[in-house]
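Have a look at the structure below, then the notes.
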2 protein chains.
Amino acid sequence: MTELEKYIQTYFGVSNDELSKISAFFKPVSLKKGAYFLKKGMHADRLGFVQSGIIREFVSIEDKEITKWISTKGYFVVDLSSFVFKQTARWNIQALTDCELYVIDNSDYLKIGQVIPHWTELEKLFIAKCFTVLEDRIIQHLSMTAEERYLALFSFNKDLFNQVPLQYLASMLGMTPETLSRLRKKTVG
Amino acid sequence: MTELEKYIQTYFGVSNDELSKISAFFKPVSLKKGAYFLKKGMHADRLGFVQSGIIREFVSIEDKEITKWISTKGYFVVDLSSFVFKQTARWNIQALTDCELYVIDNSDYLKIGQVIPHWTELEKLFIAKCFTVLEDRIIQHLSMTAEERYLALFSFNKDLFNQVPLQYLASMLGMTPETLSRLRKKTVG
DNA sequence: GCTTGCTCTTGACAAAAATCAAGAAGTTTA
DNA sequence: TAAACTTCTTGATTTTTGTCAAGAGCAAGC
């Protein structure tokens with residue numbers, strides 16, 4: 001079973017037979033460091049799965065880049081509002097390192113529903129799960145200090161802090177790089 | 001067409017015939033000020049639509065109440081993780097004023113799918129839309145100051161500030177009541 | 001090997017926001 | 001109507017976080 005199939009299995013709980021039907025639609029795509037999977041304002045007609053490497057989703061607001069999320073192995077990358085609602089993309093999606101993705105375009109994606117019974121139901125559940133994750137993230141911002149948010153992310157995934165430029169993690173945590181630097185110093189020594 | 005049908009029409013874009021089939025499942029429920037529609041830890045087996053009144057979704061964290069959202073007329077109230085995934089509820093949902101709701105329980109909700117073709121697809125789209133709203137809210141917290149978040153909410157819905165106790169709006173905006181009070185003074189006078 | 005960039009850290013300072021405490025204003029209750 | 005609550009405001013102060021500026025540490029490329 002490929003990495004992709006393993007994750008689809010975990011997320012969607014489909015049979016092995018269905019699994020191979022789904023994963024057959026995905027095509028490997030390499031992305032060089034710095035290259036964009038998607039640019040804001042374009043049309044997101046594809047969904048990616050991160051096989052290896054690090055990808056950043058961000059948006060520029062008044063000369064600042066706001067990093068919404070960092071995706072590593074096992075994450076899907078997509079601009080949902082664009083992929084689902086055919087609107088122009090709201091996020092930039094850029095490779096921070098060389099990446100290996102598995103990519104499916106929208107027309108093939110629609111074919112999954114024809115092959116897998118109840119696929120729409122599985123999609124719904126997956127998106128609902130993503131919704132609850134964002135709910136948690138909102139609560140973090142309403143109830144935690146910068147330090148607490150840093151500690152929460154650090155305990156959730158220590159490796160990120162070795163692999164990802166800290167300026168992007170700072171942005172994703174809602175603080176400046178200087179503040180993150182000081183918090184790291186404070187909570188280590 | 002009832003208020004409920006009007007909103008379902010707007011959100012889901014179904015035919016008039018389907019509309020009345022759907023809305024027939026909803027039953028009117030009155031909620032007295034202070035009463036709970038749902039308590040954290042319970043099982044959320046119903047979905048509500050706010051016909052009138054104000055409802056607060058919140059969670060208690062270390063002796064503080066964090067208000068996640070304030071729902072007024074036209075909003076659905078539900079704990080999605082509990083309603084969809086049968087987990088225990090993560091949010092308290094409480095009436096801030098006397099409320100009129102339309103409520104559907106989970107078993108009736110499941111019947112909608114048997115009556116309306118493509119209902120699961122419509123559900124998926126609705127939840128996806130909710131997801132993108134939360135994405136925006138995350139970006140607000142990553143990129144805006146407390147004052148900017150206050151101004152954004154105020155320009156989006158001025159009425160809220162007359163109808164809802166300010167302490168709850170402050171929490172929902174991620175600031176203390178004192179800070180909100182000062183921002184209001186600052187930006188009016 | 002030596003620039004040239006980048007990224008991160010550090011320091012000094014400023015601004016934003018939280019905390020603590022007190023009091024005003026408005027509601028509810030007895 | 002008065003007392004008891006609750007909510008909101010205000011002031012004084014502290015803490016947290018951001019800004020600006022400089023420099024250290026590395027890595028890539030010439």
Side-chain angles (χ1 to χ4, degrees), chain A residues 32-35 53-54 56 58 60-67 70 94-98 139-154 158-189, chain B residues 32-35 53-54 56 58 60-67 70 94-98 139-154 158-189:
Chain A
K32 282 285 171 196
K33 175 176 177 173
I54 299 170
R56 175 174 73 119
F58 72 99
S60 292
I61 299 180
E62 288 160 16
D63 80 352
K64 276 187 191 168
E65 290 187 349
I66 308 299
T67 297
I70 303 280
Q94 183 187 29
L96 288 183
T97 64
D98 290 355
I139 294 294
Q140 286 202 344
H141 280 279
L142 300 185
S143 66
M144 291 182 176
T145 63
E147 178 171 5
E148 290 168 332
R149 292 197 303 277
Y150 157 64
L151 290 172
L153 180 62
F154 186 70
K158 290 182 179 50
D159 287 343
L160 270 187
F161 292 82
N162 303 319
Q163 298 167 348
V164 180
L166 296 173
Q167 54 179 319
Y168 302 132
L169 293 180
S171 176
M172 183 176 129
L173 286 167
M175 65 187 77
T176 61
E178 292 94 331
T179 295
L180 177 57
S181 175
R182 291 184 176 110
L183 290 176
R184 275 159 51 82
K185 187 181 177 187
K186 179 180 170 186
T187 56
V188 169
Chain B
K32 282 284 172 198
K33 175 175 176 173
I54 299 171
R56 175 174 73 119
F58 73 98
S60 292
I61 299 180
E62 289 161 16
D63 80 353
K64 277 187 192 170
E65 289 186 350
I66 308 300
T67 297
I70 303 280
Q94 184 188 28
L96 289 183
T97 63
D98 289 355
I139 294 293
Q140 287 201 344
H141 280 280
L142 300 186
S143 66
M144 291 181 176
T145 63
E147 178 171 6
E148 290 168 332
R149 292 198 302 278
Y150 157 64
L151 290 173
L153 180 62
F154 186 70
K158 288 181 180 50
D159 286 344
L160 270 187
F161 292 83
N162 303 319
Q163 299 168 347
V164 180
L166 296 172
Q167 55 180 318
Y168 302 132
L169 294 180
S171 176
M172 183 177 130
L173 286 167
M175 65 187 77
T176 61
E178 292 95 330
T179 295
L180 177 58
S181 175
R182 291 183 176 110
L183 290 176
R184 275 159 52 82
K185 186 182 177 187
K186 179 179 171 186
T187 56
V188 170

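Residue numbering restarts at 1 for every chain, and letters A, B, ... go by the order of the sequence lines. Given the structure is predicted, the values throughout are model-derived calculations rather than measurements.
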query: Side chain of Leu166(A): nearest nucleotide among dT7(D), dA17(C), dT9(C)?
result: dT9(C)
task: Rounded to 10°, tell me the angle between the two end axes of the helix from dG1(C)-dC30(D) to dA30(C)-dT1(D), each built from five pairs.
output: 40°
- line: Here the distance between atom P of dT16(D) and atom CD of Glu148(A), to the nearest Å, is 10 Å
message: Strictly below 4.0 Å: does Lys185(A) bring a side-chain N or O up to OP1 or OP2 of dT10(C)?
response: yes
query: Between dT10(C), dA18(C), dT9(D), which one does the side chain of Ser181(A) approach most closely?
result: dT10(C)
Under-3.5 Å N/O pairs linking protein and nucleotides 19-21 of chain D:
{"unit_1": "dT19(D)", "atom_1": "O4", "unit_2": "Arg182(A)", "atom_2": "NH1", "d": "3.4"}
{"unit_1": "dC20(D)", "atom_1": "N4", "unit_2": "Glu178(A)", "atom_2": "OE2", "d": "3.1"}

query: What are the two closest heavy atoms between Ser143(A) and Ile61(B), and how far apart are they?
result: OG-CD1, 3.9 Å
task: Return the value, rounded to whole Å, for the distance between atom NE2 of His141(A) and atom P of dA17(C).
output: 15 Å
message: From CZ of Arg184(A) over to P of dC8(C), roughly how many Å is that when rounded to an integer?
response: 8 Å
- request: Return yes if some donor-acceptor pair links the side-chain N/O of Thr97(B) with the main-chain N/O of Ile54(B) below 3.5 Å, else return no.
  value: yes
- request: Mind checking side-chain contact (heavy atoms from CB on, under 4.5 Å) for Ser181(A) and listing every partner two or more places apart, or none if nothing turns up?
  value: none
message: When you compare the side chain of Ile70(B) with that of Met172(B), does any pair of heavy atoms fall below 4.5 Å?
response: yes
- request: Round to a whole Å and report the spacing from CG of Leu169(A) to P of dC8(C).
  value: 9 Å
message: If you assign Met144(B) and Val164(A) each to the DNA chain C nucleotide with the nearest heavy atom, which residue ends up on the more 5' nucleotide?
response: Val164(A)
- request: Just jot down the side-chain contact (heavy atoms from CB on, under 4.5 Å) partners of Asp63(A), sequence neighbours excluded, or say none.
  value: none
field: Separation of dC8(C) C1' from Asn162(A) CG (nearest whole Å)
entry: 14 Å
- prompt: Would a distance-only check, ignoring hydrogens and angles, find a side-chain to backbone donor-acceptor pair under 3.5 Å from Arg149(A) to His141(A)?
  reply: no
Test item: Leu183(A) and Met175(A) side chains (from C-beta on) under 4.5 Å apart, heavy atoms: yes
- request: Send over the distance from Phe161(A) CZ to dC8(C) P, rounded to a whole Å.
  value: 12 Å
- prompt: What nucleotide among dG18(D), dC8(D), dT7(C) has an atom nearest to a side-chain atom of Met175(A)?
  reply: dG18(D)
task: Sequence neighbours left out, what passes side-chain contact (heavy atoms from CB on, under 4.5 Å) with Arg182(A)? Give chain and number order.
output: Glu178(A)
message: Nearest whole Å is fine: how far is dT7(D) P from Glu65(B) CD?
response: 10 Å
- line: Applying salt bridge (Lys or Arg N to Asp or Glu O under 4.0 Å) to Glu65(B) and not counting sequence neighbours gives Arg56(B)
task: Please report, rounded to the nearest Å, how far the P atom of dA18(C) is from the CD atom of Glu62(B).
output: 16 Å
